[in-house]
Amino acid sequence: MKTSPPAAPVRFDPILLCAVLALVTLGLVMTYSASAVLAQDKLGDSLYFLKRQLVAAGLGVVAMAMMMKLGWRRLARLAYPLLIVAIVLMVLVAIPGIGTTAGGARRWIRLPGFSLQPAEVAKFAWLVYLSYSLAKKREKVATFSIGFLPHLALCGILVLLCMLQPDFGSSVLLVFMLFVLLFAAGTKLSYLVGSVLLALPLAFVAIATSPYRMKRILAFMDPWAHRHDVGYQVAESLMSIGSGGITGLGLGDGRQKLFFLPEAHTDFIFSILGEELGLIGVGLLVALYAIVLWRGIRASLAAGETFGTYLGLGISSIIAFQATVNMCVAMGLLPTKGLTLPFVSYGGTSLVVLMGSAGVLLSLSANTQGAARPVRAGTTDLREVTA
């Protein structure tokens with residue numbers, strides 16, 4: 001009697017892959033729904049934004065596959081080159097004539113056929129470098145001069161380059177990454193709390209001296225009192241989400257995207273999703289992000305090497321943090337930050353980088369097939385990748 005050959009081993013987490021692809025697919029559908037009328041009116045092509053997002057999704061699939069093929073261990077060798085490239089791009093975008101200005105911010109570099117947003121590249125590069133550096137210095141992370149101060153100083157440089165654009169949302173995300181990984185690496189809590197207390201006056205000055213940031217605070221405090229000026233966007237967003245009810249108005253039947261809600265296909269795409277798909281659609285979206293976070297953390301803790309653990313925790317935290325902030329902004333729970341909804345909002349660079357990051361998580365997930373293996377204490381396990 002012939003026996004069938006054993007099944008090939010699973011090389012990645014299928015649950016994580018399906019959750020990411022579901023988010024990307026949902027994003028493509030909602031991008032078209034939220035932008036079709038605007039694109040037809042302004043550009044004469046209702047498919048304009050969808051076609052560009054489809055191209056970005058295709059490139060994102062390639063980036064995901066490349067990261068899975070490359071493997072997360074080899075990223076350690078690229079920590080410094082990636083960071084240098086990111087810093088150069090951040091400097092270039094600040095130069096008039098190279099960086100392109102839109103909506104009062106210079107955040108893009110126009111290239112033939114597409115636009116590059118250096119801040120998105122900087123987020124990934126900063127995460128890879130930070131994971132590598134903290135793993136390499138694991139025994140000295142608790143020291144102020146080696147484990148804390150150099151990373152804080154380098155983060156300050158990246159934040160300064162972001163603020164020159166200005167891009168307050170990306171600045172917050174870079175600092176968030178730093179604190180998450182420093183905390184995970186075992187930095188003294190007193191250093192983290194002390195730096196936050198010292199940064200509060202600087203944050204207050206940055207907000208108080210910027211008219212547009214003050215307007216965002218006013219809109220957050222009472223959007224209805226400023227319904228026809230600075231609170232207009234938040235008020236329209238709340239009306240959009242509130243009108244969706246349990247089941248929504250139906251896909252494509254939303255009203256606020258009809259020139260009422262600005263940035264309906266980018267920063268406020270969650271509002272349109274809530275309006276058209278209702279609480280059921282919002283629940284599905286949150287569940288998909290929860291699955292990505294769950295499977296990402298699972299893969300991180302099973303990596304067996306410190307660098308992989310930090311890398312996976314960082315990517316999972318970024319996706320969860322950015323999604324939470326975006327949804328809270330749309331519901332008026334946080335001031336407007338300018339952070340897109342991961343995998344869903346329109347934006348080519350963001351989608352490609354996020355899908356590439358998901359590829360890193362999928363590469364990590366190859367270690368989770370079977371029992372999870374904890375990180376071995378007291379070692380960085382970087383000899384193989386730096387040899």
[X] vs [Y] side-chain heavy atoms within contact, under 4.5 Å:
| X | Y | result |
| --- | --- | --- |
| Phe270 | Ser237 | no |
| Ile109 | Leu89 | yes |
| Val360 | Met64 | no |
| Met177 | Leu174 | yes |
| Val196 | Leu192 | no |
| Ile318 | Ser357 | no |
| Leu273 | Leu26 | yes |
| Met67 | Met355 | no |

Got a sec, which residues hit side chain to side chain donor-acceptor pair (under 3.5 Å) with Arg255, two or more places apart in sequence or on another chain?
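Partners of Arg255 under the side chain to side chain donor-acceptor pair (under 3.5 Å) test: none.
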On the 0 to 90° scale, with breaks at 30° and 60°, tag the [X]-[Y] ring pair as parallel, tilted or perpendicular.
| X | Y | answer |
| --- | --- | --- |
| His265 | Tyr346 | tilted |
| Phe307 | Tyr132 | perpendicular |
| Tyr191 | Phe148 | tilted |

Result of checking Phe179, Tyr289, Phe176 against Phe321 for ring-ring contact (aromatic ring centres under 6.0 Å, His included):
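Among Phe179, Tyr289, Phe176, the one meeting ring-ring contact (aromatic ring centres under 6.0 Å, His included) with Phe321 is Phe176.
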Please round to the nearest 0.5 Å and tell me the distance separating atom OG of Ser240 and atom CD1 of Ile272.
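Interatomic distance, Ser240 OG to Ile272 CD1, rounded to 0.5 Å: 4.0 Å.
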So how far is it from Leu238 CG to Met331 CE, rounded to the nearest 0.5 Å?
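So the CG of Leu238 and the CE of Met331 are separated by 9.5 Å.
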Does the [X] side chain pair with the main chain of [Y], one donor and one acceptor, at a distance under 3.5 Å?
| X | Y | value |
| --- | --- | --- |
| Ser46 | Ala36 | no |
| Thr187 | Phe183 | no |
| Arg52 | Gly348 | no |

Before giving the answer on salt bridge (charged side-chain N to carboxylate O under 4.0 Å, His left out), spell out for Lys257 and Glu276 the whole-Å C-alpha distance, their side-chain angles and the decisive distance to 0.1 Å.
CA-CA 10 Å; Lys257 64 188 180 185; Glu276 296 187 351; 2.7 Å; yes
I want to know whether Tyr129 and Tyr80 have ring centres closer than 6.0 Å.
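Yes - the distance between ring centres of Tyr129 and Tyr80 falls below the 6.0 Å cut-off.
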Which pair of non-hydrogen atoms, one from Ala34 and one from Ala264, has the smallest distance, and what is that distance?
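Closest pair (atom of Ala34, atom of Ala264, distance): CB-O, 3.6 Å.
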Donor on one side chain, acceptor on other, Thr340 and Gln322, under 3.5 Å:
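Checked: Thr340/Gln322 side chains pair up, N/O donor to acceptor below 3.5 Å.
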Listed by chain and number, what are the salt bridge (Lys or Arg N to Asp or Glu O under 4.0 Å) partners of Lys51, not counting sequence neighbours?
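Salt bridge (Lys or Arg N to Asp or Glu O under 4.0 Å) check on Lys51 returns Asp45.
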